[in-house]
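Okay, structure first, notes after.
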2 protein chains.
Amino acid sequence: MRRSDRLDATFAALADPTRRAILARLANGEASVTDLAKPFKMSQPAISKHLRVLERAGLISRGRDAQRRPRRIEGKPLAEATGWLEQYRRIWEGNFQRLDELLDELKIQQPNDDTPTPTGDD
Amino acid sequence: MRRSDRLDATFAALADPTRRAILARLANGEASVTDLAKPFKMSQPAISKHLRVLERAGLISRGRDAQRRPRRIEGKPLAEATGWLEQYRRIWEGNFQRLDELLDELKIQQPNDDTPTPTGDD
DNA sequence: TAGTTCCATAACCAATAGGTTATTCAATGA
DNA sequence: TCATTGAATAACCTATTGGTTATGGAACTA
């Protein structure tokens with residue numbers, strides 16, 4: 001699978017609150033499907049479908065223990081997603097916003113100018 | 001909007017490669033819709049739809065410059081998503097995997113045992 | 001052996017997503 | 001004023017998503 005497709009699958013898997021809750025549960029140890037389903041109001045097959053989404057994204061893997069098929073969390077896709085987001089760290093840490101504020105202050109002479117700051121292109 | 005809903009919207013927005021490419025483009029400065037559409041084979045309305053998704057997730061905002069409606073990237077949702085993923089840092093940095101490997105080595109006596117390591121629960 | 005537990009799968013349904021073409025609207029510029 | 005440019009919107013289509021109920025199979029347990 002290409003990196004882009006993996007990111008597609010990872011972010012799509014993380015876009016559902018049920019699946020994020022399942023990952024949170026798995027963060028402190030593997031768990032059976034029944035255990036994972038317990039906190040939710042939905043049916044067991046619905047949970048199995050969510051697990052399939054997580055598994056196809058590589059976020060969890062499946063073990064075996066008698067009739068049980070315990071899931072465990074896998075770190076790699078989370079690492080890749082985090083890595084992708086890191087690209088934007090300088091943005092979300094506010095450097096750009098501060099630059100904009102600086103530019104705004106430098107042209108505080110002209111009143112009533114509601115056009116945005118020119119480009120911000122570095 | 002609740003935090004969970006914001007994460008839903010953010011991750012869903014990031015799950016599409018076109019939208020990720022748009023964000024990458026906006027990372028080095030604001031751009032008009034036409035400019036943003038240029039690299040893609042799809043129609044302008046398709047791009048506008050993607051922009052709407054990004055905007056509703058708060059990942060971009062809309063300026064105005066004559067007929068143009070330049071988009072700029074917004075950092076907060078990216079920060080929030082990154083923050084959520086940070087929860088799992090100890091997992092995706094491999095600590096758990098190394099623990100598993102250790103446990104595997106400790107019971108390397110029994111041959112042909114394909115059951116997974118017991119719990120991993122901390 | 002017979003019942004039970006755990007889970008997967010199939011079939012179905014409504015809602016959403018991602019694309020299209022056609023159209024309209026707003027602002028610019030000749 | 002009128003054509004052009006930039007972008008949004010509507011109507012439509014197909015595929016996917018997220019849920020349901022019903023069913024079945026595999027592995028334990030009495």
Side-chain angles (χ1 to χ4, degrees), chain A residues 1 4-5 7-23 25-26 30-57 59-72 113-116 119, chain B residues 1 4-5 7-23 25-26 29-57 59-72 113-116 118-119:
Chain A
M1 226 204 295
S4 174
D5 295 327
L7 285 172
D8 287 5
T10 300
F11 284 128
L14 296 180
D16 185 280
T18 301
R19 290 193 290 264
R20 287 198 308 275
I22 288 174
L23 286 179
R25 170 72 166 75
L26 290 176
E30 59 179 43
S32 71
V33 175
T34 318
D35 282 354
L36 290 172
K38 218 155 275 168
F40 301 101
K41 293 181 66 179
M42 68 189 79
S43 65
Q44 169 261 312
I47 297 296
S48 281
K49 280 197 178 185
H50 282 303
L51 292 174
R52 198 160 66 93
V53 173
L54 289 168
E55 189 174 349
R56 300 198 61 198
L59 286 161
I60 62 174
S61 59
R62 189 192 311 220
R64 58 168 52 213
D65 165 25
Q67 319 105 312
R68 259 143 272 131
R69 294 295 175 270
R71 302 316 206 266
R72 75 165 52 187
D113 180 353
D114 68 345
T115 62
T119 77
Chain B
M1 228 204 291
S4 174
D5 296 327
L7 285 172
D8 286 6
T10 300
F11 284 128
L14 296 180
D16 185 279
T18 302
R19 290 193 291 263
R20 287 198 306 276
I22 288 174
L23 286 179
R25 170 73 167 75
L26 290 177
E30 58 179 44
S32 71
V33 174
T34 319
D35 283 354
L36 290 172
K38 218 156 274 168
F40 301 102
K41 295 181 62 180
M42 68 188 80
S43 65
Q44 170 261 312
I47 297 295
S48 280
K49 278 196 179 187
H50 283 303
L51 293 175
R52 199 160 64 94
V53 172
L54 289 167
E55 189 174 349
R56 299 197 60 196
L59 285 160
I60 62 173
S61 59
R62 190 192 310 219
R64 58 167 52 212
D65 164 26
Q67 320 105 311
R68 261 143 272 130
R69 294 294 177 270
R71 303 314 206 265
R72 74 164 53 185
D113 179 353
D114 67 346
T115 62
T119 79

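Keep in mind that this is a model prediction, so the values were computed, not measured. Letters A, B, ... mirror the listed sequences (proteins, then strands); counts begin at 1.
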Considering all heavy atoms, the nearest [X]-[Y] contact:
{"X": "A:Phe11", "Y": "B:Leu14", "value": "CD1-O, 3.4 Å"}
{"X": "B:Arg69", "Y": "B:Asp65", "value": "NH1-N, 4.4 Å"}
{"X": "A:Ala15", "Y": "A:Arg20", "value": "C-NH1, 3.7 Å"}
{"X": "B:Arg72", "Y": "B:Glu30", "value": "NH2-OE1, 3.1 Å"}

Query raised in the report: Would you say A:Arg52 reaches D:dT16's phosphate, i.e. side-chain N/O to OP1/OP2 under 4.0 Å?
Result: no
Query raised in the report: Is there a side-chain polar atom (N or O) of B:Ser48 under 4.0 Å from OP1 or OP2 of D:dA7?
Result: no
Protein-nucleotide distance ([X], atom [atom1]; [N], atom [atom2]), rounded to Å:
{"X": "A:Arg56", "N": "C:dA8", "atom1": "CZ", "atom2": "C1'", "result": "15 Å"}
{"X": "B:Asp35", "N": "D:dA7", "atom1": "CG", "atom2": "C1'", "result": "13 Å"}
{"X": "A:Asp8", "N": "D:dT16", "atom1": "CG", "atom2": "P", "result": "13 Å"}
{"X": "A:Arg62", "N": "C:dC7", "atom1": "CZ", "atom2": "C1'", "result": "9 Å"}
{"X": "B:Phe11", "N": "C:dA17", "atom1": "CZ", "atom2": "P", "result": "17 Å"}
{"X": "B:Leu54", "N": "C:dG18", "atom1": "CG", "atom2": "C1'", "result": "13 Å"}
{"X": "A:Leu14", "N": "D:dT17", "atom1": "CG", "atom2": "C1'", "result": "16 Å"}
{"X": "A:Glu55", "N": "C:dT9", "atom1": "CD", "atom2": "P", "result": "10 Å"}

Requested in this report: Kindly compute the distance separating CZ (B:Arg19) from CG (B:Leu36), expressed to the nearest 0.5 Å.
Outcome: 14.0 Å
Requested in this report: For nucleotides 18-30 of chain D, just jot down a letter per nucleotide in 5' to 3' order: B, S or -, based on protein non-hydrogen atoms under 4.0 Å.
Outcome: BBBBB----BS--
Report task. Check A:His50, A:Gln44, A:Arg52 against A:Ser48 for a side-chain hydrogen bond (donor to acceptor under 3.5 Å, both in side chains) and give me the one that passes. Result -> A:Gln44
